[in-house]
Amino acid sequence: MNLTLLGEKLPHSLSPKIHQIVFEKTGMPGTYGLSEISREGLDAFMHVFKAGAFDGMNVTIPYKTDVIPYMDALSPQAEKIGAVNTIKREGTLLYGYNTDYDGFGALLDAHFIDVKGGRFTVLGAGGAARSVLAYLDDHGAEAIVLVSRNKARAAEKIDVSQYTCPVEMIGYENIDIADTVVINTTPVGMYPHIDASPLTPMALNGCLAVVDLIYNPETTKLMQDAKDAGIQAVNGLLMLTAQAVKAQSIWQGKEIDGGLTRYIKNQLSTKQGNLVLIGMPGCGKTTIGRALSKQLNMALVDTDEAITERYGDIPSLFKKGEPDFREKESLVAEETAMMENTVICTGGGIIKNKRNMTKLAENGTIVFIDRPVDAILSDIDHDSRPLLNGKAESLTKLYDERIALYQRYAYLVIEGMGSIEQVTKKIANAWEGRTI
Ligand code: NAP
């Protein structure tokens, strides 16, 4: 498969590296080059492409809109956004897609930022903002405020009447982001201008979360200010990798496993990621975690063991009441989340507190080991599981109460049937970007 990235200037593109990894991990032979083309050369280049020079192409600044007239069909997302970043050639026909849309969705999902019924503040009115607006609108956002340095110019570029959700355009002087999730689609704060931020720390008051599409640096000033104020903050690295993996799914004509996106993100990140195991008590997290730590040469932390070491045995802690135990568990979860290259085995109830999970997801891939209740019941040691205490039916009740949360917080769900070795192998494969 012969692919390229079309742009005007492409000095530091990460795309060749990302796509090389996808080729290796999916076993698809291919090349991914860079095509720096001047505006005068664009028309000739598109004709060469159509004639068969490449099988597919990514498109970046400033040509995402200019390539549209060459398309034989557009995906609904590309049509709504008015920009194409991925083209597939079939014979002499060109199909245009916008996978920034999917990448943005993957980023929100991975950090549990709900769109439905949510309120958003989008900074900047450029190309990336249009993908973000389309995604938020399609997924049921309640209200969006678009912040631009120049409202009149922004209104010329973005027709807010096309969205179902109300979109209000304002200037920075009127900004009030209380109770909204802020999405930074401006380049402010990007390397080398790392001390710049589009907002003052004061302006962040009351904000629910910050999503910065910038990925270099990995923690922008805007993100750091948010973190200092205890606000969830995520960067755009996962969006970058997810849009690339989605583009490959389109070119290769098959779904490509989500574990690969995480694997590539970990390869690009300066921080070594954690592998976080969640699941019911007795699903094998601790044993599987130990095996994974050895096999993948990663450190190991078991949050229940860490709690026991620091505060005493868990059945005794539970006697003081579950809230007291959960508070201690959160302290341990927050500390553990800051580690790197560590397999983190969690207690079954860790998912009861969303903050635990947002912290663990910051630098971790969360894997749910979904072992059926019957299988757990056959091998569980009831003495060490205070919430189960001799009652088989309580496990079923717990499962019913928690399954939605396990699924919500899992980046990957691994079917937990089979031997410990088999489940361990499936997780190791996903972690290393191979198909499960
Ligand atoms: P763009 O089309 O140039 O738009 C950026 C917008 O930001 C501009 O239209 C402008 O909006 C605003 N802006 C520009 N300079 C500014 C400044 N100095 N102060 C305040 N606002 C400013 O660029 P883009 O393609 O949308 O990309 C924007 C950012 O998103 C870049 O950092 C890019 O790397 C990132 N991005 C990341 C991903 C990812 O996968 N993570 C994908 C796409 C883009 P107003 O003039 O209306 O204020």
Side-chain angles (χ1 to χ4, degrees), residues 5-15 17-19 58-66 77-78 81-86 97-108 110-111 121-135 144-160 167-175 182-200 203 210-223 233-247 261 264-265 268-269:
L5 170 63
L6 164 68
E8 193 170 36
K9 294 194 183 82
L10 306 165
H12 307 295
S13 175
L14 290 171
S15 293
K17 182 173 177 180
I18 294 175
H19 290 283
N58 279 136
V59 186
T60 188
I61 296 170
Y63 300 130
K64 288 185 183 182
T65 306
D66 299 298
Q77 293 80 13
I81 296 162
V84 159
N85 81 330
T86 299
Y97 301 84
N98 192 309
T99 65
D100 283 338
Y101 178 100
D102 306 272
F104 178 65
L107 177 64
L108 296 188
H111 295 281
T121 303
V122 178
L123 308 179
R130 293 211 304 265
S131 302
V132 164
L133 289 170
Y135 186 90
I144 303 171
V145 172
L146 184 68
V147 189
S148 167
R149 294 168 303 172
N150 184 328
K151 275 196 291 177
R153 196 180 53 202
E156 278 169 24
K157 290 192 287 181
I158 298 179
D159 173 14
V160 296
V167 179
E168 185 192 358
M169 278 191 188
I170 64 163
Y172 282 86
E173 62 287 358
N174 297 324
I175 200 163
V182 172
I183 320 281
N184 179 34
T185 76
T186 80
V188 182
M190 198 158 86
Y191 180 84
H193 306 291
I194 58 171
D195 292 327
S197 171
L199 297 177
T200 62
V210 168
V211 178
D212 199 332
L213 301 199
I214 293 173
Y215 44 83
N216 182 15
E218 286 179 43
T219 305
T220 59
K221 173 147 191 338
L222 175 67
M223 287 173 62
V234 302
N235 70 27
L237 197 50
L238 189 83
M239 175 173 170
L240 178 75
T241 53
Q243 64 76 24
V245 171
K246 178 69 187 181
T261 299
I264 299 171
K265 186 205 166 220
L268 299 179
S269 175

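All ligand and atom numbering here is 1-based and tracks the order in the structure. Worth knowing before you read on, the calculation uses all heavy atoms, side chains too, and leaves out hydrogens, waters and symmetry mates.
- With rounding to the nearest 0.5 Å, the separation of OG in Ser131 from CD1 in Ile81 is 4.0 Å.
- Summarising the geometry of Leu123 relative to Pro198, their closest heavy-atom pair is CD1-CG, 3.8 Å, with the distance given to 0.1 Å.
- Less than 4.0 angstrom separates atom 3 (O) of ligand 1 from none of the non-hydrogen atoms of the protein.
- Residue-to-ligand polar distances keep Gly124 apart from ligand 1: every N/O pair is separated by 3.5 Å or more.
- Residue-to-ligand polar distances keep Asp100 apart from ligand 1: every N/O pair is separated by 3.5 Å or more.
- The shortest N or O to N or O distance between Lys64 and ligand 1 is not below 3.5 Å.
- For ligand 1 and Lys157, the ligand atoms under 4.0 Å from any heavy atom of the residue are 9 (O).
- In this structure, the separation between CD1 on Ile175 and CG on Leu199 is 4.5 Å, given to the nearest 0.5 Å.
- Contact atoms of ligand 1 toward Val188: 16 (C), 17 (C), 18 (N), 19 (N), 20 (C) (distance under 4.0 Å to a heavy atom of the residue).
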Chi angles and distances behind the side-chain contact (heavy atoms from CB on, under 4.5 Å) call for Leu5, Thr60:
CA-CA 7 Å; Leu5 170 63; Thr60 188; 3.9 Å; yes
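- At a 3.5 angstrom cut-off on N or O pairs, Val147 does not count as close to ligand 1.
- The distance criterion of under 3.5 Å between nitrogen or oxygen atoms is met by Ala128 with respect to ligand 1.
- Geometrically, ligand 1 and Ala129 share no nitrogen or oxygen pair separated by less than 3.5 Å.
- For ligand 1, the polar-atom distance check against Met190 finds no nitrogen or oxygen pair separated by under 3.5 Å.
- Below 3.5 Å of separation, one finds no N or O of Ile214 facing any N or O of ligand 1.
- For atom 29 (C) of ligand 1, the closest heavy atom belonging to the protein is Thr185 O, 3.4 Å.
- Among the candidates Thr185, Thr186, Thr219, Thr220, the single residue satisfying the side chain to side chain donor-acceptor pair (under 3.5 Å) test with Asp212 is Thr220.
- Heavy-atom distances between Asn150 and ligand 1 stay at or above 4.0 Å for every pair.
- Atom numbering of ligand 1 starts at 1 in the shown order; those under 4.0 Å from a heavy atom of Tyr215 are 41 (N).
- When distances from atom 33 (C) of ligand 1 to the protein are checked, no heavy atom turns up under 4.0 Å.
- Contact detail for Val188 and Ile214: the closest heavy-atom pair is O-CD1, 3.3 Å.
- Considering backbone and side-chain atoms alike, Leu213 places an N or O below 3.5 Å from some N or O of ligand 1.
- Counting heavy atoms under 4.0 Å from ligand 1, residue Leu123 does not touch it at all.
- Of the candidates Ser148, Ala125, Gly189, the one placing a heavy atom closest to atom 11 (O) of ligand 1 is Ala125.
- Listed by atom number, the atoms of ligand 1 under 4.0 Å from Pro187 heavy atoms are 5 (C), 7 (O), 13 (N), 14 (C), 15 (N), 32 (O).
- Looking only at protein heavy atoms, the nearest one to atom 23 (O) of ligand 1 is Ile61 CD1, 4.2 Å.
- Between the side chain of Thr241 and the backbone N or O of Leu238, at least one donor-acceptor pair lies under 3.5 Å.
- Screening Asn85, Asn98, Asn58, Asp100 for a side chain to side chain donor-acceptor pair (under 3.5 Å) with Lys64, the sole residue that qualifies is Asp100.
- Remark: Tyr172 OH is packed, more than 12 non-hydrogen atoms of other residues, nucleotides or ligands lying under 6.0 Å away.
- The distance from atom CG of Asn216 to atom CG of Leu240, rounded to the nearest 0.5 Å, is 11.0 Å.
- At a threshold of 4.5 Å between non-hydrogen side-chain atoms, the residues Leu146 and Ile170 do not count as touching.
- The protein heavy-atom contact nearest to atom 17 (C) of ligand 1 is Arg149 NH1, 3.2 Å.
- With rounding to the nearest 0.5 angstrom, the CG atom of Asn235 is 7.5 Å from the OG atom of Ser269.
- Ligand 1 has an N or O atom lying under 3.5 Å from an N or O atom of Arg153, backbone or side chain.
- In this structure, the protein non-hydrogen atom closest to atom 6 (C) of ligand 1 is Gly126 N, 3.8 Å.
- Compare Met169, His193, Met239, Arg130 by their heavy atoms: the one nearest to atom 38 (C) of ligand 1 is in Met239.
- Taking CD from Gln243 and CG from Leu107, the interatomic distance works out to 12.0 Å, rounded to the nearest 0.5 Å.
- Taking CG of Leu268 as the start and NZ of Lys17 as the end, the distance is 5.5 Å to the nearest 0.5 Å.
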